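A quick write-up on the structure given underneath.
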Amino acid sequence: MAETNHPNPAQRLTELRAKIDAVDETIHNLLMQRAGVIDELIRVKGSNQRQGAAFRPGREAQMMQVLAERHSGSVPMVMIRHLWREIISTFTFMQAAYTVHLAETGNGAAMRDTARYQFGFTVPLIAHDSVEATVSAAAADANALAVVPARSPWWQAGDGPGHGLLAMARLPIAPVGFDAADAFVLAPPLADPVPFEVRLYGGRIVRPDALEGWTGGEVIDRSADGKQCLIAIATGGSAPQDLLDIRALGGYFPPSPA
């Protein structure tokens, strides 16, 4: 019987490490190619001459969904998401540099982790100790976003900071593998309106039980005096009948599935 030839373990390890180095080189080359495409995109769109962040949550949600659908193998999906978030955020920043102002209120650690997951480490992140300071700073800069807790006074008429900023995303946009904060990304109204799948509205409650039994959407927050509410209505939903002074406050895309 012929003897089976077993490769030398040390030699095989060397070969496998060489394969890893080749894959790493390919990944690096592809990232540089992607940067070249972004450079061309900037030239075509003139993005570097326009004000406002290039952050487009709808486009990013679509990209993350495609990524999840085609993924296979032993690499955890959460790791792929983290890697892709850094790639997407960095190349978005290259198109139009911007700053993220963060309200480190409530669970500050979770807010910071969630913001860093979403925007990566290339985008400057400036922390503030209140929602008012966060939104004021973002509103004063044409190239800035604000990240605030979903349940905070940013939306309240009269009391909230407002400053004309509207919600454009709800974080986290996908399962993240850690204790993430429920937060909104706020920005000035976009020049190219986004067809959100979920729209946000603020309104005045005419009586305390006005929202009881309402199934047309989600009640996200109420003012401390109970007279105002923040609601989310998905496509096909309906607003409560007993809600006055309804104000459109932007919207978001639902988180992608695990």
Side-chain angles (χ1 to χ4, degrees), residues 27-71 77-103 111-127 134-135 137-148 165-177 180-181 183-197 250-256:
I27 293 172
H28 188 198
N29 286 333
L30 289 173
L31 288 173
M32 290 188 289
Q33 288 181 38
R34 197 182 197 280
V37 174
I38 293 297
D39 291 339
E40 179 65 19
L41 181 67
I42 291 172
R43 286 191 290 271
V44 171
K45 293 174 59 178
S47 298
N48 56 348
Q49 302 299 320
R50 289 164 34 192
Q51 287 189 325
F55 174 54
R56 292 296 181 270
R59 165 71 171 155
E60 293 191 8
Q62 181 185 40
M63 293 171 69
M64 298 297 281
Q65 179 64 30
V66 170
L67 188 71
E69 290 174 352
R70 74 175 179 222
H71 182 64
M77 187 62 213
V78 67
M79 176 269 189
I80 297 296
R81 284 199 176 98
H82 277 260
L83 176 63
W84 234 256
R85 285 262 24 105
E86 189 70 41
I87 292 172
I88 292 172
S89 297
T90 297
F91 284 109
T92 298
F93 182 78
M94 288 172 59
Q95 291 185 57
Y98 63 98
T99 299
V100 173
H101 293 272
L102 172 67
M111 287 292 294
R112 179 175 286 274
D113 287 348
T114 302
R116 275 298 179 205
Y117 170 82
Q118 176 64 39
F119 295 104
F121 287 88
T122 302
V123 178
L125 183 66
I126 300 176
T134 301
V135 183
D141 183 351
N143 299 318
L145 302 174
V147 177
V148 299
L165 302 187
L166 300 175
M168 65 183 308
R170 189 173 186 177
L171 306 181
I173 64 171
V176 296
F184 284 119
V185 179
L186 309 180
L190 299 175
D192 46 341
V194 175
F196 295 114
E197 293 181 20
Y252 60 92
F253 296 88
S256 63

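On a predicted model such as this, the values are computed, not experimentally measured, just so you know. Any value given below was found using the heavy atoms of this structure, including those in side chains, with hydrogens, waters and symmetry copies removed.
The two residues G120 and E86 make their nearest non-hydrogen contact at CA-OE1, 3.3 Å. Closest of all the heavy-atom pairs between I80 and L67 is CG2-CD2, 3.5 Å. For the residue pair V123 and S89, the shortest heavy atom distance occurs at CG2-O, 4.2 Å. For the pair H101 and A144, the tightest heavy-atom approach, listed with the atom from each and the gap, is CD2-CB, 3.8 Å.
Atom CG in D39 sits 5.0 Å away from atom CE in M94 (nearest 0.5 Å). Taking CZ of F93 as the start and CD1 of I38 as the end, the distance is 13.5 Å to the nearest 0.5 Å. We find the CE-CD1 distance between M63 and I88 to be 4.0 Å, quoted to the nearest 0.5 Å. Expressed to the nearest 0.5 Å, how far CE of M111 lies from CG of D113 amounts to 11.0 Å.
Note on ring orientation: taking the six-membered ring where Trp is involved, the planes of F184 and Y252 are tilted (angle from 30° to 60°).
R34 pairs by the salt bridge (Lys or Arg N to Asp or Glu O under 4.0 Å) definition with nothing, not counting sequence neighbours. Every residue meeting the salt bridge (Lys or Arg N to Asp or Glu O under 4.0 Å) condition with R85, not counting sequence neighbours, appears here in chain and number order: E60. For H71, there are no ring pair (Phe, Tyr, Trp, His ring centres under 6.0 Å) partners at least two apart in sequence or on another chain. Listed by chain and number, the residues in a salt bridge (Lys or Arg N to Asp or Glu O under 4.0 Å) with E40 are R43 (sequence neighbours excluded). By the ring pair (Phe, Tyr, Trp, His ring centres under 6.0 Å) test, F253 pairs with F196, sequence neighbours left out.
The salt bridge (charged side-chain N to carboxylate O under 4.0 Å, His left out) contacts involving residues 91-103 comprise nothing, where partners must be two or more places apart or lie in separate chains.
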